[in-house]
Amino acid sequence: MASEKVETVVAGNYVEMEREEDDEGKSTTSAAKTTLSKIFWNGGSVYDAWFSCASNQVAQVLLTLPYSFSQLGMVSGILFQLFYGLMGSWTAYLISVLYVEYRTRKEREKVDFRNHVIQWFEVLDGLLGKHWRNIGLFFNCTFLLFGSVIQLIACASNIYYINDNLDKRTWTYIFGACCATTVFIPSFHNYRIWSFLGLIMTSYTAWYLTIASLIHGQAEGVKHSGPAGLVLYFTGATNILYTFGGHAVTVGIMHAMWKPQKFKLIYLMATIYVLTLTLPSASAVYWAFGDLLLNRSNALALLPRTGFRDTAVILMLIHQFITFGFACTPLYFVWEKFIGVHKTKSLFKRALARLPVVIPIWFLAIIFPFFGPINSTVGSLLVSFTVYIIPAMAHMITFASASARENAVERAPRIVGGWTGLYVMNIFVVAWVFIVGFGFGGWASMVNFVHQINTFGLFAKCYQCPKHKV
């Protein structure tokens with residue numbers, strides 16, 4: 001009975017919110033318009049959350065995983081995908097538990113979250129205090145900032161392969177303006193159709209890479225020498241750490257659900273599907289091109305231009321626009337709260353207020369256009385803390401006392417050995433990611449990143465372009 005009461009508390013405001021929206025819709029718009037809005041615009045179901053997680057997780061990194069395989073070798077590449085996929089799913093589960101714990105406690109205190117989007121730093125603040133809030137806010141915002149930068153860099157990198165009349169830096173200017181239009185998308189509720197389409201787009205691209213590579217066959221004289229050194233090895237590993245660390249937006253996706261307590265296994269299910277895309281595509285491209293990928297971080301660069309490849313490029317461009325919005329939306333919320341317009345009902349006012357967030361993203365994408373290497377750097381220095389170390393430590397501290405464990409909304413799962421097994425897993429995550437991800441990965445990715453700066457320079461006009469095009 002106690003769990004049923006908690007579930008009612010957690011889901012209560014969502015039911016009320018949806019009813020209010022329905023009532024308002026009936027009084028101001030036609031039934032047809034309301035129906036269309038529900039189908040394409042207002043999402044909050046388990047399926048919406050799954051599409052959002054899967055669509056957001058794979059994104060442009062799909063094109064850089066073959067590059068990581070060339071650094072790691074085939075066997076290590078496959079094993080790291082499986083390992084970090086499971087670890088990412090575990091910490092996403094921890095985040096969902098902490099969110100439900102925080103929200104339940106607050107709603108028992110009669111706090112109303114209508115017109116307010118709960119964010120990860122607020123969960124940390126409510127459960128652990130302001131110091132944890134500040135740490136979470138710094139890492140989360142910095143990661144999402146550079147996550148948005150990476151999407152913008154990827155747009156320029158991809159479009160160049162179907163139109164090289166403009167250099168990649170110019171394409172970055174253009175797509176920066178295009179991605180700025182995401183300021184008009186209010187919240188994660190409104191990504192329903194975009195998440196669905198985004199997953200279709202990445203699924204097409206993944207299977208195009210797989211099939212096109214197999215049809216192409218192995219390049220003449222192809223070599224598979226990976227791993228060729230520690231720097232390359234740990235750089236490749238941290239790119240995969242980054243791949244399965246996309247749950248910095250988990251709290252936003254959960255908050256958009258009508259029943260967020262059902263999120264627990266959604267990220268795992270999304271990861272399993274993503275693995276069906278990433279493992280075949282990365283393996284096939286690496287098999288076909290081997291060490292050639294070491295100097296071509298975008299897998300599309302090595303495949304011959306065809307209508308199928310152009311379609312993949314266009315679909316990835318659209319998807320990167322969607323993922324840019326996913327990464328930027330939490331930043332928009334933080335900025336809105338900071339300047340005091342978060343609860344403003346005017347969409348136009350909120351959109352104008354959000355525009356300053358896009359400017360530094362645009363600028364950083366022009367300074368560091370290193371598609372591929374920047375993923376590993378962000379993975380080691382930011383993702384390692386944001387979505388692995390901090391959630392695991394926060395969970396252990398939140399439930400450190402016997403009373404906290406006894407009154408926990410979400411009990412420790414028996415499958416991992418109860419609270420003892422849960423703590424063992426969390427300690428392992430913290431130790432592994434800090435030593436291997438942040439330590440070795442940070443060292444390797446920074447060495448590689450500095451090498452890119454020394455080779456191409458900051459503000460590179462056309463990163464990894466043929467010399468006659470630069």
Side-chain angles (χ1 to χ4, degrees), residues 43 45-66 68-69 72 74-97 99 188 191-192 195-211 237 239-254 256-257 259-286 319 322-323 326 379 383 387-388 391-392 410 413-416 421-422 425 428-429 432-433:
S45 69
V46 169
Y47 302 103
D48 290 309
W50 184 84
F51 278 116
S52 293
C53 287
S55 177
N56 181 62
Q57 187 177 137
V58 67
Q60 52 73 37
V61 80
L62 181 71
L63 305 176
T64 65
L65 284 174
S68 295
F69 269 48
L72 289 163
M74 184 74 79
V75 174
S76 290
I78 292 171
L79 291 177
F80 268 117
Q81 280 205 43
L82 295 172
F83 177 65
Y84 281 134
L86 287 173
M87 187 179 288
S89 299
W90 174 252
T91 53
Y93 164 74
L94 298 179
I95 292 172
S96 72
V97 169
Y99 170 88
F188 288 108
Y191 276 94
R192 163 168 274 186
S195 297
F196 174 73
L197 293 176
L199 196 56
I200 292 175
M201 293 168 187
T202 48
S203 299
Y204 170 89
T205 303
W207 287 109
Y208 158 73
L209 291 173
T210 305
I211 296 169
N239 186 40
I240 296 178
L241 178 82
Y242 169 85
T243 301
F244 294 99
H247 42 291
V249 297
T250 295
V251 170
I253 294 172
M254 282 189 69
M257 292 179 68
K259 294 186 177 180
Q261 73 274 17
K262 292 186 176 182
F263 184 86
K264 289 180 292 184
L265 293 177
I266 288 175
Y267 199 89
L268 176 62
M269 296 298 104
T271 298
I272 291 171
Y273 178 76
V274 166
L275 287 170
T276 68
L277 303 181
T278 58
L279 286 173
S281 59
S283 301
V285 177
Y286 178 55
H319 184 261
I322 297 167
T323 311
F326 264 107
V383 174
V387 295
Y388 293 101
E410 183 69 34
R414 292 182 181 177
I415 194 171
V416 301
L422 187 147
M425 290 185 67
F428 173 78
V429 168
W432 176 276
V433 175

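Every heavy atom of this structure was used, including side-chain atoms; hydrogens, water molecules and symmetry mates were not.
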_Please tell me whether Tyr47 and Trp50 form a close aromatic pair, meaning their ring centres lie under 6.0 Å apart._
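Not under 6.0 Å, so no.
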With rounding to the nearest 0.5 Å, note down the distance linking [atom1] in [X] to [atom2] in [Y].
X      : Y      : atom1 : atom2 : answer
Met269 : Lys264 : CE    : NZ    : 12.5 Å
Leu241 : Tyr388 : CG    : OH    : 4.5 Å
Leu209 : Ser283 : CG    : OG    : 12.0 Å
Ile266 : Ser52  : CD1   : OG    : 9.5 Å
Gln57  : Thr202 : CD    : OG1   : 10.5 Å
Leu277 : Ser203 : CG    : OG    : 4.5 Å

*Between Phe83 and Phe80, how do the two ring planes meet: parallel, tilted or perpendicular, split at 30° and 60°?*
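It falls in the perpendicular class, over 60°.
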*CA sep, side-chain torsions, deciding dist, call: Thr243, Gln81, side chain to side chain contact (heavy atoms under 4.5 Å, CB included)*: CA-CA 9 Å; Thr243 301; Gln81 280 205 43; over 6 Å; no
Looking at side-chain heavy atoms only, is the closest gap between [X] and [Y] below 4.5 Å?
X      : Y      : result
Leu94  : Val429 : no
Leu72  : Leu79  : no
Ser195 : Ile322 : no

*Donor-acceptor contact below 3.5 Å, side chain His319 vs main chain Ile200*: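 Not at all, since once roles are kept as given, no pair shorter than 3.5 Å links the two residues.
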*Checking side-chain contact (heavy atoms from CB on, under 4.5 Å) against Phe69, which of Ile78, Val285, Thr64 comes through?*
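Of the listed options, the one satisfying the test is Ile78.
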_Of Val61, Leu275, Leu82, Thr91, the residue whose pairing with Phe244 passes side-chain contact (heavy atoms from CB on, under 4.5 Å)_ =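 Of the listed residues Val61, Leu275, Leu82, Thr91, the side-chain contact (heavy atoms from CB on, under 4.5 Å) partner of Phe244 is Leu275.
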Shortest non-hydrogen contact from [X] toward [Y]:
X      : Y      : result
Trp207 : Pro280 : CH2-CG, 4.1 Å
Ala282 : Pro66  : CA-CG, 3.9 Å
Tyr267 : Ala92  : CG-CB, 3.5 Å
Tyr99  : Pro260 : CE2-CB, 3.7 Å
Gly379 : Tyr242 : CA-CB, 3.9 Å
Ser281 : Ala206 : CB-O, 3.5 Å

*What do the steps show when you test Met87 against Tyr84 for side chain to side chain contact (heavy atoms under 4.5 Å, CB included), and what is the final call?*
CA-CA 5 Å; Met87 187 179 288; Tyr84 281 134; 4.2 Å; yes
*For Leu86, what residues pass the side chain to side chain contact (heavy atoms under 4.5 Å, CB included) criterion, not counting sequence neighbours?*
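Per chain and number, Leu86 pairs via side chain to side chain contact (heavy atoms under 4.5 Å, CB included) with Leu268.
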*Is atom CZ of Phe428 surrounded by more than 12 heavy atoms (other residues, nucleotides or ligands) closer than 6.0 Å?*
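Above 12, so yes.
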*OH of Tyr273: more than 12 outside heavy atoms within 6.0 angstrom?*
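Atom OH in Tyr273 is packed in, count exceeds 12.
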